[in-house]
Chemist: 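My questions all concern the structure below.
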There are 2 protein chains.
Amino acid sequence: MAGTFQRRNTPQRKVVLDELRKLTSHPTAVELYEFARRQLPKISLGTVYRNLEILTLEGTIRRLDSVGAEARFDGDITEHHHVRCVRCGAVGDVRGLPGLPGEMTVTDTSQLGGYEILGYRLQFEGICPLCRDAQDAADGNADAEAG
Amino acid sequence: MAGTFQRRNTPQRKVVLDELRKLTSHPTAVELYEFARRQLPKISLGTVYRNLEILTLEGTIRRLDSVGAEARFDGDITEHHHVRCVRCGAVGDVRGLPGLPGEMTVTDTSQLGGYEILGYRLQFEGICPLCRDAQDAADGNADAEAG
DNA sequence: GTCTCTGCAAAGTTTTTGCATGCAA
DNA sequence: TTGCATGCAAAAACTTTGCAGAGAC
């Protein structure tokens with residue numbers, strides 16, 4: 001039966017989890033691999049992927065599929081949503097958004113195509129502070145080109 | 001300058017768009033390619049990808065990055081959200097959800113990490129009717145194993 | 001005739017997997 | 001000692017791109 005395997009606490013798994021929890025940047029697997037290599041130079045990308053999958057299935061971390069081409073990972077599994085910068089792809093956190101239902105209970109599935117709803121994710125799109133600054137700076141020079 | 005090119009109305013582009021609009025299954029590029037080949041046997045997957053990108057940039061169709069590993073596409077660009085089946089990966093539509101804010105206006109960016117918000121997507125997760133049926137059937141035999 | 005689009009194929013990117021060995025428990 | 005996990009590398013899955021010829025306008 002699935003789920004009855006004995007999980008082992010290897011240094012690789014610990015480093016992957018520790019590094020992910022240290023980062024607030026929602027890194028990709030490859031980015032996390034680079035960080036992990038600083039502590040375990042021989043760790044392989046395959047191992048990083050395998051541990052990320054295990055930790056995701058355990059519910060220890062969260063996988064963000066919705067933020068672009070590659071998956072990103074979040075060591076913070078408390079309730080929150082994400083913003084993705086449409087310019088640079090950075091991902092930030094969104095918490096306690098005013099005006100949003102803290103919990104949505106959907107009992108009428110007739111408008112859900114018969115799906116049984118397990119949960120939802122709110123995914124914002126926007127422009128991060130750094131790209132806003134860059135845009136503001138560019139706007140100062142853009143008027144001449146607009147005509 | 002970008003955007004000044006004259007778009008041509010090729011049969012390939014028409015077929016890609018027509019097939020996508022016929023389907024409500026939010027197909028992947030490869031799935032759409034299979035459908036398109038029935039009308040244009042020599043169409044290439046690269047052409048399908050290129051046209052999907054063009055149509056997306058034009059705003060004629062919608063690309064769904066948020067529903068799994070591969071991108072899916074939606075020929076219906078009216079306002080609606082999506083449900084993804086966590087079992088089989090199918091994607092359904094969600095419309096006029098009661099209790100949801102039809103439009104969210106977020107002016108206080110302090111809780112958004114300084115991001116300028118452009119929009120949002122609501123992404124549901126659930127179990128589709130087919131997988132529910134399969135689960136119900138399986139539950140009848142699962143009691144013995146639970147103990 | 002011009003210039004975008006196409007088919008084909010190669011290559012790029014991201015993720016998974018096979019296998020022999022390593023190591024946590 | 002047992003068997004899950006690792007490193008390495010090949011492969012799979014998905015998407016993009018270069019190029020010469022085709023075809024829309």
Side-chain angles (χ1 to χ4, degrees), chain A residues 1-20 26-58 60-73 84 89 91, chain B residues 1-20 26-58 60-61 63-73 84 88-89 91:
Chain A
M1 182 185 263
T4 58
F5 295 104
Q6 178 65 35
R7 293 266 120 87
R8 287 179 180 173
N9 192 20
T10 64
Q12 287 85 348
R13 184 161 307 157
K14 184 178 184 328
V15 165
V16 166
L17 181 56
D18 287 353
E19 290 299 311
L20 181 56
H26 312 87
T28 64
V30 173
E31 287 167 354
L32 206 46
Y33 168 60
E34 296 300 336
F35 278 94
R37 279 214 292 187
R38 296 178 190 175
Q39 298 193 39
L40 296 174
K42 299 205 63 177
I43 195 173
S44 72
L45 182 56
T47 294
V48 171
Y49 270 107
R50 274 185 284 228
N51 278 303
L52 285 172
E53 185 184 5
I54 289 172
L55 291 167
T56 300
L57 291 175
E58 283 180 356
T60 308
I61 67 175
R62 201 171 143 196
R63 172 191 226 121
L64 313 179
D65 298 301
S66 22
V67 288
E70 350 66 2
R72 287 174 175 269
F73 296 86
R84 180 176 61 90
V91 177
Chain B
M1 185 182 261
T4 58
F5 295 104
Q6 178 65 36
R7 291 268 120 86
R8 287 179 181 171
N9 192 21
T10 63
Q12 288 85 349
R13 184 162 306 155
K14 184 177 184 331
V15 165
V16 166
L17 180 56
D18 286 352
E19 289 301 310
L20 181 55
H26 311 87
T28 64
V30 173
E31 287 166 354
L32 206 46
Y33 168 59
E34 296 300 337
F35 278 94
R37 279 216 290 188
R38 296 178 190 175
Q39 299 195 40
L40 296 174
K42 299 205 64 176
I43 194 173
S44 72
L45 182 56
T47 293
V48 172
Y49 271 108
R50 273 184 285 227
N51 278 304
L52 286 172
E53 186 184 5
I54 288 172
L55 291 167
T56 300
L57 291 175
E58 283 180 356
T60 307
I61 66 174
R63 171 191 226 120
L64 313 179
D65 298 301
S66 23
V67 288
E70 354 59 6
R72 286 173 175 271
F73 296 85
R84 181 176 59 91
C88 69
V91 176

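By convention in this document, chain letters (A, B, ...) are assigned in the order of the sequence lines, proteins followed by strands, and residues within each chain are numbered from 1.
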Chemist: Return the set of residues passing side-chain contact (heavy atoms from CB on, under 4.5 Å) with T60(A) (not counting sequence neighbours), or none when no residue passes.
Modeler: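 Per chain and number, T60(A) pairs via side-chain contact (heavy atoms from CB on, under 4.5 Å) with L17(A), R21(A), L55(A), E58(A).
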Chemist: Without placing hydrogens or testing angles, list every side-chain donor-acceptor pair under 3.5 Å for residues 33-41 of chain B, not counting sequence neighbours.
Modeler:
from, atom 1, to, atom 2, distance (Å)
Y33(B), OH, R37(B), NH1, 3.4
E34(B), OE1, R37(B), NH2, 3.3
Q39(B), NE2, E19(B), OE2, 2.3

Chemist: Strictly under 3.5 Å: I want the nitrogen or oxygen pairs between protein and nucleotides 16-21 of chain C, one per line.
Modeler:
from, atom 1, to, atom 2, distance (Å)
dG18(C), O6, R50(A), NH1, 3.3

Chemist: Can you name the closest pair of heavy atoms from A29(B) and V48(B) and give their distance?
Modeler: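 The pair with the smallest heavy-atom distance is O-CG1, 3.8 Å.
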Chemist: For the helix from dG1(C)-dC25(D) to dA25(C)-dT1(D), how many degrees between its two end axes (five pairs per end), to the nearest 10°?
Modeler: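 Here the local axes at opposite ends form an angle of 40°.
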Chemist: Where the side chain of T10(B) is concerned, which of dA24(D), dA25(C), dT15(C) is the nearest nucleotide?
Modeler: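 Nearest to the side-chain atoms of T10(B), counting from C-beta on, is dA24(D).
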Chemist: Within residues 11-20 of chain A, find the residues that approach DNA chain D with a heavy atom at under 4.0 Å, and present them sorted by residue number.
Modeler: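 Close to the strand are Q12(A), R13(A).
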Chemist: In whole angstrom, what separates R8(B)'s CZ from dT4(C)'s P?
Modeler: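 Computing the R8(B):CZ to dT4(C):P distance gives 7 Å.
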Chemist: Kindly write out the residues that satisfy side-chain contact (heavy atoms from CB on, under 4.5 Å) with T10(B), not counting sequence neighbours, or none if the list is empty.
Modeler: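 Once residues adjacent in sequence are excluded, the partners of T10(B) under the side-chain contact (heavy atoms from CB on, under 4.5 Å) criterion are R8(B), Q12(B), R13(B).
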Chemist: Taking DNA chain D as the partner, which of residues 27-44 of chain A come within under 4.0 angstrom of it by heavy atom?
Modeler: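 Those residues are K42(A), I43(A), S44(A).
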Chemist: Figure out the CZ/C1' separation between R7(B) and dG23(D), and round it to whole Å.
Modeler: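 So the two atoms are 17 Å apart, to the nearest Å.
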Chemist: Rounded to the nearest 0.5 Å, how far does CG of L52(A) lie from CD1 of I61(A)?
Modeler: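 One finds 4.5 Å between CD1 of I61(A) and CG of L52(A).
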Chemist: To the nearest 0.5 angstrom, please state how far the CZ atom of R84(A) sits from the CZ atom of R72(A).
Modeler: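 Going from CZ on R84(A) over to CZ on R72(A), the span is 9.5 Å.
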Chemist: In whole angstrom, give the distance that lies between atom CG of L52(B) and atom C1' of dT15(D).
Modeler: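 So the two atoms are 11 Å apart, to the nearest Å.
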Chemist: Roughly how many Å is it from CG in L64(A) to C1' in dT14(C), rounded to a whole number?
Modeler: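 In whole Å, dT14(C) C1' and L64(A) CG are 16 Å from each other.
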Chemist: Which residues pass the side chain to side chain donor-acceptor pair (under 3.5 Å) test with S44(A), sequence neighbours left out?
Modeler: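 Result, side chain to side chain donor-acceptor pair (under 3.5 Å) vs S44(A): T47(A).
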Chemist: For R62(A), give me all partners under side-chain contact (heavy atoms from CB on, under 4.5 Å), at least two apart in sequence or on another chain.
Modeler: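 Partners of R62(A) by the side-chain contact (heavy atoms from CB on, under 4.5 Å) criterion, ordered by chain and then number, come out as L64(A), D74(A), I77(A), H80(A), H82(A), R121(A).
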Chemist: Rounded to the nearest 0.5 Å, how far does CG of L32(B) lie from CG of N51(B)?
Modeler: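 Here the rounded value is 10.0 Å.
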